[in-house]
Amino acid sequence: TLLFLLDGDSLSLITFISRQNTGIMTSVAASKSSSSSLGEVLQLLVLFAAWYGFNAGYNVTNAHLKVFAFPITISALQLVVGLVYALPLWILGIRPPPKLTFNDLIKLFPVAALNAIGHTVTVIAMFQKGGGSFAHVIKASEPVVSVLLGLVVNGAVPKPFTALALLPVSYGVAYASTLGNLSVASMSKELTSVTAIFAMIGNVSFALRSILRKNLPADFKKRTNLTP
């Protein structure tokens, strides 16, 4: 009703102010969205740097632990470290403890078993003579193994660009494994060594673990407090 009592100039002024306020609000919202996106990018970079640093430290530690020639024992102790990290978080209430039923444990058992197997055989591969760097070369083929097993287990056909991206990965692993000598004899020798076999078993185990974890019910993580 008030708008009808105003003359044309006043109505034009109100319209102008309204548009300016809308523009300011839109700019503020865009600024907040931009700041949020920048924060997410920075957070991702920090997490990536932390992951890379811890991974490098882990590999160096394993190299020094080779003097203790019991890789299975060492791999088991490394898995126990997870409890040392998780238990205080649960006890102090920083994170809610998992809420798992017996059926939930049954569903998680294959995932946990494959994770333990993959970790153990990878440590065994790294403890072989000259196996540190060579094991990581073989581990670099895990994306190829994941795509192939995803096709077999879930019938998931990779997108064309995904499939093409696996070609340089495969070539790079073969080239690095044989130090550039891509003859059949050289590849047969290097890719059937003890280090390569254990590292590839680790690839298969971790790939199957990821597939089974992905196949869990959609609400499983949230319902059981197993979210990241």
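Source: prediction; values computed, not measured.
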Over all heavy atoms of both residues, which pair between [X] and [Y] is shortest? Give the atoms and the distance, please.
X	Y	result
Lys99	Asp104	O-OD2, 3.9 Å
Leu149	Val204	CD1-O, 4.0 Å
Ser205	Ile117	OG-CG2, 3.5 Å
Gly150	Ile211	N-CD1, 3.6 Å
Phe134	Thr195	CD2-CG2, 3.5 Å
Ala140	Val169	O-CG1, 3.6 Å

Seminar exercise, completed: Leu191 meets the side-chain contact (heavy atoms from CB on, under 4.5 Å) criterion, sequence neighbours left out, with Ile138, Ser177, Met187
Side chain proximity check, [X] to [Y], heavy atoms < 4.5 angstrom:
X	Y	result
Val194	Phe198	yes
Tyr171	Leu182	yes
Pro71	Met126	no
Pro217	Lys107	yes
Leu108	Leu216	yes
Leu226	Pro98	yes
Phe206	Lys139	yes

Working to the nearest 0.5 angstrom, can you tell me the gap between [X] [atom1] and [Y] [atom2]?
X	Y	atom1	atom2	value
Leu166	Thr162	CG	OG1	7.0 Å
Thr120	Asn115	OG1	CG	9.0 Å
Thr192	Glu190	OG1	CD	8.5 Å
Thr73	Leu65	OG1	CG	11.5 Å
Glu142	Met200	CD	CE	9.5 Å
Asn62	Ser75	CG	OG	9.5 Å

Can you confirm whether [X] is buried at [atom1], in the sense that more than 12 heavy atoms of other residues, nucleotides or ligands lie under 6.0 Å from that atom?
X	atom1	value
Ile72	CD1	no
Tyr58	OH	yes
Phe220	CZ	yes
Phe68	CZ	yes

Exercise. For the hydrophobic clusters of this structure (ILVMFWY residues joined by side-chain heavy atoms under 4.5 Å, transitively), does one cluster hold both Val153 and Leu212?
Worked result: yes
Problem set entry | Hydrophobic cluster membership, Leu114 vs Ile201, 4.5 Å side-chain cutoff | no
Problem set entry | Any donor-acceptor N/O pair, Ser141 side chain to Val144 backbone, under 3.5 Å | no
For this session: Check for a donor-acceptor pair, side chain of Asn225 on one end and backbone N or O of Pro97 on the other, with a separation under 3.5 Å.
Result: yes
Exercise. For the side-chain contact (heavy atoms from CB on, under 4.5 Å) test, which of Val81, Leu87, Leu89 pairs with Tyr85?
Worked result: Leu89
